[in-house]
Each structure stands twice: as C-alpha cells, then as structure tokens.
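I have placed the structure first, in the form of structure tokens, so that the comments after it can refer back to it.
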Amino acid sequence: MMQYEPYLLVNRLVVTKNTRHVYDETFTEGVNIIRGKNSSGKSTISDFLFYGLGGDLSKWKNEAKSCDYVYLEVNLSGKIFTLKREVKETGRRGMDIFGDEFEVANAAPNSGWLRYPYNATEKESFYQAIFKELGIPYSKSDDKGSITMHQLLRMMYVDQMTSPDRLFKFDRFDSPNKRKAIGELLIGLSDFSLYEKRVEFQRASAVLDSKVKEIKTIHQFLGGSIKTLEEVDKEIEEKEQAIEAVEKSVDEVATSLPTGDSEAEAIIVQELVQKIYDLRSERTELLNKSSSTTFEINDSLLFINSLISRLKALSETQNTISALSDIAFNHCPACQVELVKKETGCCVCGCEASQEESDIDPTFKVRKEIEFQVAESKKLIKIKEKRLAELEIKIKQIATELKLNEQEFESLKKPQKSINHDLRRKLKEIGGLRNQIIELNASKVNYGKLHGLYGERAKTQERVTELDRDIKLSEAKIENEIRRKKSVLSEITLDLIRADKDHEEIFVKGNKIEFDFGEDRVTIDDRALFSASSMVYLKNAFRLALLKASCLDPNYLYPRFLLMDNIEDKGMEESRSQLFQNEIIRLSNSLNVKHQVIFTTSMIDPELNNSDYCVGKYYDDQNKTLKFK
C-alpha cells in the first residue's frame, strides 16, 4: 500500500487508573468500528482518542475524569511514537512523548520520555514536535494565529456536541480567519512557504503595531526635538568646548586670591577623587562585560553551527541506515563466503524484522534534545545582543560623566579667583553648560532606544511589505488549484450522499456542493438547512470525502485520519446509519494509500458486527468500555 505524507495511524489506546489498564485496545489501518448501546462509553473513547492526539478537552464525563492517563501508540508518517497525557479538567495539558512502541515506553524510566508543554514558551510545544514528525508546517512561536494539533483535529473529529450544520468541531476561541487557514492548509492549497509567510506576516504585523505605539509613547515623553546619538554626542562635545573657552577667559580676567585651602574644599576634592575612581572602575567593568558578552555571542553562534551540523549528520545517518537496509548481499560481509539465498527475512542472518521495528526512529530523542539546544541558544543570543547595545550606551554615558568630573577636579586644583560681576556671570555660564551636558548624557538612553525602535520599525515594515507582496502573488498562482480541489471534493461528496436515495430528495438531484471553511458551512445547490439527521449525513459525507481526496492527492496536508463519534446522531434511522457504515467500508477498500477511519455506532450492521473491522467487544450496560472492576 502506498503512503502519502503526512499520515497518522493510531495503533493502540490505553487508559489507566491507579496504574491499572481500564481500557486497552489495538487499532488497524483502514476502518475501525467501536460499537455498543447508547451510554456504554463509546463517546468517552472518542474523546480519549481526540485528547490523546493533542486535542484540548476540559469537560470530562464522570467515568472519564476518574482516570489518570491516556496513552496512544501512533504512527506519524512512518515513525512509531507513544504519546502520554494526564487526564485533568483544567485543560491545556502538556504531553510526554516516547520514540518507541507502548510496551517499550511503559517499561522505560521517566528519564526516557520527553516532556512537552501545551504552549511554545521556552520549550518546543508538543504540537510542534508532532507536526515536525508528520511533516506539517508550523509556527516556531505559539502565536495566537498558529495552527495547533487541536485546531487540525477539529476537522478530523466529528463529535456529537457540535451543531450538525457546522463543519468544524466547536471551539470557544474560533474565528473565520483561523478556520480558513486550517482548511486551506489541510487540503494543500497553502504550501509550506505560503503558510510560513502567512504566520510570519501576522506576527510581523503585530510587532510593527507594537513598535509604532512604543515610538509614539517615547515621542510624547521627549517632546518635539528628536536627536540621534551622534547629534547628542556632538552637542556634548560643543558644550565641553564652550566650557573650556569660558574657563580660559576666566583665567585671563580673574585675579588670584591668597592660597589657603579650606577644610570644606578638601572634602569636595576628596569626594571628586573618589567619584572619578568609581567612574573609572565602573567603565573598566562595563568594558570587560562588553568584551565578555561579544565573546559569548560569537561562541554561541559557533555552538549553534556545530549543533546544526550534528542534526544534519543524524539525518544522513538515518537515511544511510534506511538505504543499507534495502541492500541484498550476495556474499557475507564478514568472511566473503557466498550466501545461500533466503526466501524471507534478512539476506545475511534470515531474521524477520517487524514493520513496527523498522518504523521506530532511534534518533528521535537525540534530535529533539539538539533542536531544543539550538532554540535556546538563539534566544540567549538575542538577549545578549540587547544587553550589548545597552552596555555600549552606558559606557558612553560613563565616559561623559567621567570627563565632567575630571574637568571639575582640574578646576579646583587651580588657584582661587576673586569674584566680580563678570566672573560670576562666566561661572554661572559654566554651571549651566555642565547641567546641559548632564541632561544630554541622561537622554542618551531614551534617544538610543528610540532610534533602535526606528531601525526595528523600518526593518519590520520592509518585511511586512515584502511578505504581503509574496502572499498575494502566491494566492494568485493557486487560484486555479483552489477551484480544482473544490470541484473534486464536491464530486466525491455528491457520490457519497447519492447513495442515500430514500430520505432527502436533493441528495439525489443536487448538482453542486459548495463549502466555505471560513463560514464553517457546506451547501447543496445553495441550500444549507435540512432535517437534523440529513445534516449529520451531509457533514459526515463531506468529512469522508475530505479523507478520500487526501488519499487521491499527495499534495494534501490532511493526515489521512478520520474519527467519527456516533454516526447516527440526531435521530437517524437504523437503515440509514447502516447504509453509511457500508459506504465507509466501500470507500476505504477502494483506497490504496495508508489511512485510518475510526467510528462509533449504536446501530452496527449485523454483517459487520464481530468482523475484523470491529475494535473490542460489543458494549452495553453490563460491559462498558472502561473496566474499573
């Protein structure tokens, strides 16, 4: 069977309470049916599957919320992982991931698991880790506009609580733009670069708005006069020259007084000497910090390059292992003796390797640790670069303040002058100039921050403009592709609903199905409202059509997985439910691409009951899904 990536398969679901397995069933490729009477716990299992895959669920049924953990052994685009989440009503829980089958993961110590948070803060989120393994693009920050695993599952899980006229599973924090982005991503309308640009455009636009607001705030504080740091330094230099000129004229016009240092003057001199010493020490310390920070930045850049090289080497190693595993040896690689050809298994030793073993990625944990180190190192570099810019401004301020104090010290060392009106005016002028220098020196922080913001704003504006242009060009290029994909989805959905001949006339006579991800609706010949059971049928048919389309088109980013809870919801007749069950089987059997459908029903077709499609036993009041006893 062919495989289009990304694809997601659930191999096993285990739910525990006090370390005891209260549910433990395996699933297969293709169709999986969970059947039983109403209120036997089928929806609870659907919720556990949704939650275990990364869905956000905070309201649990009483039986479910008494459980402790959900374990899912999954196949993510050919690699086996075990996912683990704690059952809590608070919602937005993190996830533990282990790079092997459930049995191996369950026996492993806690140190063997990798812990991921729900949100991407200082560490990669679990949805980012899952997307990376599936091969689905994602935002590297947990921006509000990012598409998470929860958001994708809203189109892959048909639950009972959402209104039947809605395409997506209900979500409190929903918006038309978000739904449109999810839909376009899943059907492959947005390629990796376009999706990344859209996410970056949203983030850059928000940053640009923030920079503009910050600049306005500083403008209000500084007033109308905006200067560059160079202009501030030039003003300080001019005022220092003016002070020197005035002091020179003071020396020329003033007459010396008899010498005789007062005790007060000695104290002032002593304080100045101490202050000059402190300022010089502080300047030396800041210069050392600046040199050290520069060295750390360069060292971190070299470290990141080495980590990236290691990631590349790991990828090449995995590719080499995969390539070598397909080589058939005619002679023993150890002793060169000609080998007897074996019908099955390894051509050298004859051992049979299971498909599950070949799907396990031994480099997963190492790769994740290295990727985390790269992300952390990049964050630290940004922090250090900001610190370095602040140090440079501080060093300049200290240099100016030091020069003022040294000038004052030199002035005090000179003989005292007799004071007359002209001299008093000149001394006042010197004092005024020194105060202006102090104010200018203090303003460097705000001016430095302002001009830094100017540069960031210009750079961000340039990127926003560039992204906006690229996105519009890309969207224009895929316009025809949008129409083609919508036409294919419409035809597949029509084919599915036409099988339901005896209930809704428009299902048979309808000519065109249209859908709008942003508006969250699907229509037949512009009609959106039918009986409740017919809307359920149409909604399920569209979701099934989406699965089939993804198995026909390798460009889809839909993970070829569908979970449907109680397909006969909203009063559907038994015969109608069983008809749709067989349509699911028919469609699945027609596909030659790896996929999975899991659905629950309380009206199982007798011919399907106890077949290989069924998962577990038939559930009823005496045999519920969760076994607490």
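Treat the numbers as computed from the prediction; the structure is a model and nothing was measured. Here, residue 1 is the first one in the sequence, and each next residue gets the next number.
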Requested in this report: Take Asn119 and Ser125, measure what side chain to side chain donor-acceptor pair (under 3.5 Å) needs, and give me the verdict at the end.
Outcome: CA-CA 5 Å; Asn119 292 319; Ser125 166; over 6 Å; no

Query raised in the report: Should the pair Lys178 and Phe168 be classed as cation-pi, given the thresholds of under 6.0 Å to the six-membered ring centre and 45° from the axis?
Result: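 Judged by the rule (NZ or CZ under 6.0 Å from the ring centre, within 45° of its axis), Lys178 is not positioned above Phe168.
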
Query raised in the report: Taking the six-membered ring of Tyr4 as reference, does the NZ or CZ atom of Arg560 fall below 6.0 Å from its centre and within a 45° cone about the axis?
Result: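 No cation-pi geometry.
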
Quick one, [X] and [Y] - any side-chain contact, counting heavy atoms below 4.5 Å?
X	Y	result
Asn32	Tyr613	no
Ile381	Ile304	yes
Leu152	Phe131	yes
Ile80	Glu73	yes
Met95	Ile97	yes
Leu8	Leu76	yes
Arg484	Asn480	no
Leu608	Cys614	no

Requested in this report: Determine, stepwise, if the pair Met572 / Ile567 fulfils side-chain contact (heavy atoms from CB on, under 4.5 Å).
Outcome: CA-CA 9 Å; Met572 188 180 293; Ile567 58 172; over 6 Å; no

Between the side chain of [X] and the main-chain N/O of [Y], is any donor-acceptor distance below 3.5 Å?
X	Y	value
Lys485	Ile187	yes
Glu101	Thr82	no
Tyr558	Phe561	yes
Lys539	Arg166	yes
Arg543	Met155	yes
Ser588	Ile585	no
Arg463	Ser205	no
Gln581	Met603	yes
Ser77	Tyr7	yes
Glu568	Ser602	yes

Query raised in the report: Run the salt bridge (Lys or Arg N to Asp or Glu O under 4.0 Å) check on Lys459 and Glu462 step by step: do they pass?
Result: CA-CA 5 Å; Lys459 188 177 179 181; Glu462 184 180 350; over 6 Å; no

Query raised in the report: Considering residues at least two apart in sequence or located in another chain, which fulfil the salt bridge (charged side-chain N to carboxylate O under 4.0 Å, His left out) criterion with Asp47?
Result: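 With neighbours one apart ignored, the set is Lys61.
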
Requested in this report: Could you please spell out the steps behind the side-chain contact (heavy atoms from CB on, under 4.5 Å) verdict for Leu208 and Arg457?
Outcome: CA-CA 6 Å; Leu208 183 61; Arg457 182 187 63 180; 3.8 Å; yes

Check [X] against [Y] and note the closest heavy-atom contact, atom names and distance.
X	Y	result
Cys551	Val593	O-CG2, 3.2 Å
Ile370	Leu307	CG2-O, 3.7 Å
Pro6	Leu557	CG-O, 3.3 Å
Asp565	Asp159	CB-CA, 4.4 Å
Gly52	Leu83	O-CD1, 3.7 Å
Met149	Gly54	CG-CA, 4.3 Å

Could you measure the distance from the [atom1] atom of [X] to the [atom2] atom of [Y]? Nearest 0.5 Å is fine.
X	Y	atom1	atom2	value
Tyr537	Phe530	OH	CZ	13.5 Å
Lys548	Thr493	NZ	OG1	10.0 Å
Phe81	Glu133	CZ	CD	4.0 Å
Gln578	Glu573	CD	CD	11.0 Å
Phe542	Leu496	CZ	CG	11.5 Å
Met564	Ile34	CE	CD1	12.0 Å

Requested in this report: Evaluate the criterion side chain to side chain donor-acceptor pair (under 3.5 Å) for residue pair Gln461 and Thr465; output intermediate values, then yes/no.
Outcome: CA-CA 6 Å; Gln461 179 64 69; Thr465 303; 3.2 Å; yes

Requested in this report: Please determine if Lys379 and Glu376 form a salt bridge, counting it only when a charged side-chain N lies under 4.0 Å from a carboxylate O.
Outcome: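 Salt bridge present between Lys379 and Glu376.
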
Query - Arg586 with Asp495: basic N within carboxylate O range, under 4.0 Å - result: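 Yes.
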
Query raised in the report: Would you say the side-chain atoms of Ser534 and Arg576 include a donor-acceptor pair closer than 3.5 Å?
Result: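 A donor-acceptor contact under 3.5 Å links the two side chains.
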
Query - Qualifying salt bridge (charged side-chain N to carboxylate O under 4.0 Å, His left out) pairs, either residue in residues 525-535, two or more places apart - result: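 Pairs touching residues 525-535 that pass the test: Glu504-Arg527.
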
Query - Whether Trp60 and Phe48 hold their rings parallel, tilted or perpendicular, with breakpoints at 30° and 60° - result: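 Trp60 vs Phe48 ring planes: tilted.
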
**Report entry** Derivation and outcome, salt bridge (Lys or Arg N to Asp or Glu O under 4.0 Å), residues Asp468 and Lys472
**Finding:** CA-CA 6 Å; Asp468 186 47; Lys472 286 176 179 176; 3.3 Å; yes

Requested in this report: I would like to know whether Arg154 and Thr148 meet side chain to side chain donor-acceptor pair (under 3.5 Å); could you show each step before the answer?
Outcome: CA-CA 10 Å; Arg154 292 178 58 211; Thr148 65; over 6 Å; no

**Report entry** Identified ring-ring contact (aromatic ring centres under 6.0 Å, His included) counterpart of Tyr118 within the set Phe126, Tyr51, Tyr127
**Finding:**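 Checked Phe126, Tyr51, Tyr127 against Tyr118; only one passes ring-ring contact (aromatic ring centres under 6.0 Å, His included): Phe126.
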
Report task. Decide if atom CG of Asp612 counts as having more than 12 heavy atoms of other residues, nucleotides or ligands within a radius under 6.0 Å. Result ->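 No, not enclosed.
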
Query raised in the report: Take atom NZ in Lys132; do more than 12 heavy atoms of anything else shown fall under 6.0 Å from it?
Result: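 Result for NZ/Lys132: enclosed.
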
Report task. List the steps and the verdict of side-chain contact (heavy atoms from CB on, under 4.5 Å) for Leu467 and Val464. Result -> CA-CA 5 Å; Leu467 287 167; Val464 166; 5.6 Å; no

Requested in this report: Decide side-chain contact (heavy atoms from CB on, under 4.5 Å) for Ile492 and Leu552; before the verdict, give the C-alpha distance in whole Å, the side-chain angles of both, and the deciding distance to 0.1 Å.
Outcome: CA-CA 11 Å; Ile492 297 173; Leu552 299 176; 4.2 Å; yes

